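Owing to the predicted nature of the structure, the values given are computational and were not obtained by experimental measurement.
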Amino acid sequence: MEGPAGAERFLLQLPSPDAAIALAGEAECNLKRLGDSTGSHLVLHGLALQIQGRPSQVQRAARLVELLRPLWSTGEPVTAIDLATALTALDTGRGQEHQNLGNTVLARSQTGRLLRPRTLRQKAYVEAIERHALTFGLGPAGTGKTFLATILAVQMLNARKVERLILTRPAVEAGERLGFLPGDLQRKVDPYLRPLYDALHMLLGQERTGTLLEKGTIEVAPLAYMRGRTLSDAFIILDEAQNTSPAQMRMVLTRLGDSSRMVVTGDPSQADLPRHQRSGIDEAKAVLKGVEGVAMVELTGADVVRHPLVQRIVEAYGRFDQQNRQALVTAGRFPDRRRN
């Protein structure tokens, strides 16, 4: 309804206190963000959300709130990345796609949290994994590359579409020299494979994860132990693949057996290989481009779903690399992997 001086006011009755808290955010920070991004003013009185401003501003804010409905209506906290993604979708005419994104629930964590892709590129990544035997998920830290792949792997295991999960990664930054570490093989590689265990614990719980590991249904191993094997009826995740050599990458890709699926994840900007050694990911991108059955999905800083500062850090380093790479290469202080 109309307010003074041509302002418009829109009222929305929220379904529950949990929904109101989820939408408003801590100290109503989400309402402030919504207001800043639309030029409107949002106030929550109990379960009544009031949006006030010029008609175009109110309409924009109301549309954003509606795009976020799948989250806040179930009491799931709305994050800064959720707001940014909804705003981008609205500005690019992809509002309906975003609404479908909100309704895409992949799994429920052990604590009851709904797990879903949070950005449109993450959704495209999930769909690529579902449709292709081999998927590359490339992008910076915090974009959900490994976590989303693990969710789908557990889904397929529970649905008996695969018989086992195999999670592997290069065990050290520049090779797999594990002998200097104390303990048996498991103790040697555990520190490097911890992120994979964390994802499994969130999805399956520690007790069931431990049982499946003991039975061999889930195998977590360093990349060197994949050599000479044929991995059939399995979901394989190669994590931190930017630290593979071209020979290692070729080796693991050719392990794929019948009724298996593989996801290769990595951040090409964070390769820890020796100077002048090309990453296996860089070579695979060039060699496998356009090969049927292979999907390449590139995530960006806009898909970071960790602390908002992580997104800003990723963007800052991206600008630094773009502006200074050539100068550093010329000075011999930064390896130009593109030439190898």
Side-chain angles (χ1 to χ4, degrees), residues 97 101 104 106 117 119-141 143-157 159 161-170 195-196 199 219-271 273 277-300 302-303 337-338 340:
E97 289 181 68
L101 170 69
T104 305
L106 301 176
T119 71
L120 291 175
R121 269 186 293 261
Q122 284 190 348
K123 185 171 185 288
Y125 175 51
V126 167
E127 291 171 348
I129 295 173
E130 292 173 338
R131 295 172 182 171
H132 295 83
L134 173 60
T135 301
F136 285 78
L138 310 177
T143 51
K145 304 180 298 295
T146 304
F147 187 62
L148 290 171
T150 305
I151 291 175
L152 293 176
V154 170
Q155 267 190 348
M156 291 188 68
L157 182 67
K161 294 180 179 179
V162 295
E163 295 180 0
R164 55 187 172 151
L165 308 185
I166 299 174
L167 312 177
T168 184
R169 65 190 291 182
L196 300 174
E219 179 182 349
V220 184
L223 183 59
Y225 286 76
M226 298 298 107
R227 187 174 298 279
R229 302 175 61 184
T230 299
L231 307 176
S232 301
D233 298 304
F235 194 117
I236 306 111
I237 299 175
L238 169 58
D239 193 33
E240 297 289 345
Q242 74 275 6
N243 289 329
T244 60
S245 67
Q248 287 176 318
M249 177 64 75
R250 184 179 301 196
M251 178 273 291
V252 74
L253 294 181
T254 55
R255 300 308 93 199
L256 196 63
D258 290 339
S259 303
S260 288
R261 192 169 307 236
M262 183 181 292
V263 178
V264 177
T265 71
D267 179 0
S269 72
Q270 292 193 19
L273 295 169
Q277 180 174 331
R278 191 178 191 188
S279 168
I281 271 190
D282 292 338
E283 182 174 275
K285 284 175 64 178
V287 171
L288 300 177
K289 183 178 181 180
V291 172
E292 184 178 355
V294 179
M296 297 273 182
V297 180
E298 299 201 23
L299 302 164
T300 71
D303 302 298
R337 303 190 188 279
R338 297 171 300 177
N340 299 311

Rounded to the nearest 0.5 Å, how far apart are [atom1] of [X] and [atom2] of [Y]?
X: N243; Y: I281; atom1: CG; atom2: CD1; answer: 9.0 Å
X: I151; Y: I129; atom1: CD1; atom2: CD1; answer: 9.5 Å
X: Q277; Y: D282; atom1: CD; atom2: CG; answer: 11.0 Å
X: T146; Y: L167; atom1: OG1; atom2: CG; answer: 9.5 Å
X: M249; Y: L238; atom1: CE; atom2: CG; answer: 5.5 Å
X: L196; Y: F147; atom1: CG; atom2: CZ; answer: 12.0 Å

Can you name the nearest heavy-atom pair linking [X] to [Y], along with the distance?
X: L165; Y: A153; value: CD2-O, 3.3 Å
X: I166; Y: A234; value: CD1-CB, 4.1 Å
X: S259; Y: V162; value: O-CG1, 4.2 Å
X: V297; Y: R121; value: CG1-O, 4.3 Å
X: A302; Y: T119; value: O-CG2, 4.1 Å
X: P170; Y: T244; value: CG-CG2, 3.7 Å

Indicate yes or no for a side-chain donor-acceptor contact from [X] to the backbone of [Y] under 3.5 Å, with no hydrogens or angles considered.
X: R261; Y: E130; result: yes
X: Q248; Y: G280; result: no
X: T254; Y: R250; result: yes
X: T168; Y: A221; result: yes
X: S260; Y: F235; result: no
X: Q242; Y: D267; result: yes
X: Y125; Y: K145; result: yes
X: T143; Y: D303; result: no

For this session: Run the numbers on R255 and I236 for side-chain contact (heavy atoms from CB on, under 4.5 Å), then give the verdict.
Result: CA-CA 10 Å; R255 300 308 93 199; I236 306 111; over 6 Å; no
Problem set entry | Exceeds 12 heavy-atom contacts within 6.0 angstrom, atom CZ of R229 |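 Enclosed: over 12 neighbouring heavy atoms sit under 6.0 Å from CZ of R229.
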Exercise. Considering residues at least two apart in sequence or located in another chain, which fulfil the salt bridge (charged side-chain N to carboxylate O under 4.0 Å, His left out) criterion with E97?
Worked result: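 Partners of E97 under the salt bridge (charged side-chain N to carboxylate O under 4.0 Å, His left out) test: R94.
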Exercise. Is the shortest heavy-atom distance from the side chain of K285 to the side chain of M296 under 4.5 Å?
Worked result: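 Counting from C-beta outward, K285 and M296 do come under 4.5 Å.
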Problem set entry | Within-4.5 Å side-chain heavy-atom neighbours: L134 and V291 |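 In short, these two side chains do not touch, never coming nearer than 4.5 Å.
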Exercise. Between V264 and V252, does a side-chain contact (heavy atoms from CB on, under 4.5 Å) hold up when you go through it step by step?
Worked result: CA-CA 10 Å; V264 177; V252 74; 5.8 Å; no
